[in-house]
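Here's the structure we're looking at; comments come further down.
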Amino acid sequence: MADALESLARTALGNAHAPYSRFRVGAALEAADGRRFFGCNVENASYGLTICAERAAVAAAVAEGVRRLARLVIVTERGAPSPPCGACRQVLAEFGTDLAIRSVSGTAERSWRLADLLPEPFGLDEKGKEG
Ligand code: THU
């Protein structure tokens, strides 16, 4: 069922800049305090500089002071529901591996916990909770 977070992800997907892969991705995050943020993939002619939708959403949340994430919804238009890529898993893990992830593609959907997708994230002892 489409909830508010999915609607935000869908709106972000509509703004995706994906002229090279033609694979548009929208992502929406709900912070532990209930605030919501979104992002889309931003491709570049220099392919390796592409920013994934999930990391764009993380950057938007962190810029507003968020440090704990609760829920992520990913929306794509074709293929199986897409889990976040490895790089995005690591970036998301910085803000809580308890994250509930839901991915929707057409009428199909899947759900995961980040801790199951990335059981052993890289971390530094120095990581300050206060950011
Ligand atoms: N992409 C994302 O936005 N998120 C992912 O987790 C994996 C891939 C984007 C990057 C690129 O613009 C397109 O999907 C095809 O790889």
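Start at 1 and go down the list; that is how both ligands and their atoms are numbered. The basis for the numbers below is simple: all heavy atoms, side chains too, and nothing from hydrogens, waters or symmetry mates.
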Shortest non-hydrogen contact from C40 to A12? CB-O, 3.2 Å
So do the side chains of H17 and N41 get within less than 4.5 Å of each other, counting heavy atoms only? no
Could you tell me whether C85 approaches ligand 1 through its side chain, its backbone, both or neither, with non-hydrogen atoms closer than 4.0 Å? both
Polar side-chain atom of E43 near backbone of S21 as donor-acceptor pair, under 3.5 Å: yes
Can an N or O of T50 be found at a distance shorter than 3.5 Å from an N or O of ligand 1? no
What's the shortest heavy-atom distance between I101 and I74, and which atoms? CG2-CD1, 4.1 Å
Shortest protein heavy-atom distance from atom 14 (O) of ligand 1, along with the residue and atom involved: F23 CD2, 3.5 Å
Pairing donors with acceptors under 3.5 angstrom, does anything connect the side chains of S105 and E77? no
By number and element, which atoms of ligand 1 are closer than 4.0 Å to a non-hydrogen atom of E54? 2 (C), 3 (O), 4 (N), 5 (C), 6 (O)
Donor-acceptor under 3.5 Å (R35 side chain, E64 main chain): yes
Between N41, T76, N44, flag the one that comes closest to atom 9 (C) of ligand 1 by a heavy atom. N41
Per-atom contact, atom 6 (O) of ligand 1, protein heavy atoms, under 4.0 angstrom: yes
Atoms of ligand 1, numbered as shown, that sit under 4.0 Å from any heavy atom of S21: 13 (C), 15 (C)
Quick test: of every protein heavy atom, which one is nearest to atom 1 (N) of ligand 1, and how far off is it to 0.1 Å? C52 SG, 3.7 Å
dist E54:CD -> L72:CG (nearest 0.5 Å) comes out at 6.0 Å
Any N or O on A18 sitting closer than 3.5 Å to an N or O of ligand 1? no
Would you say P84 touches ligand 1, if touching means a heavy atom closer than 4.0 Å? yes
Pairwise side-chain contact, F23 with T76, heavy-atom cut-off 4.5 Å (strictly under): yes
To which protein heavy atom is atom 3 (O) of ligand 1 closest, and what is the distance rounded to 0.1 Å? A53 N, 2.9 Å
So if I count the atoms of ligand 1 from 1 in the order they appear, which ones are less than 4.0 Å from some heavy atom of E43? 11 (C), 12 (O), 13 (C)
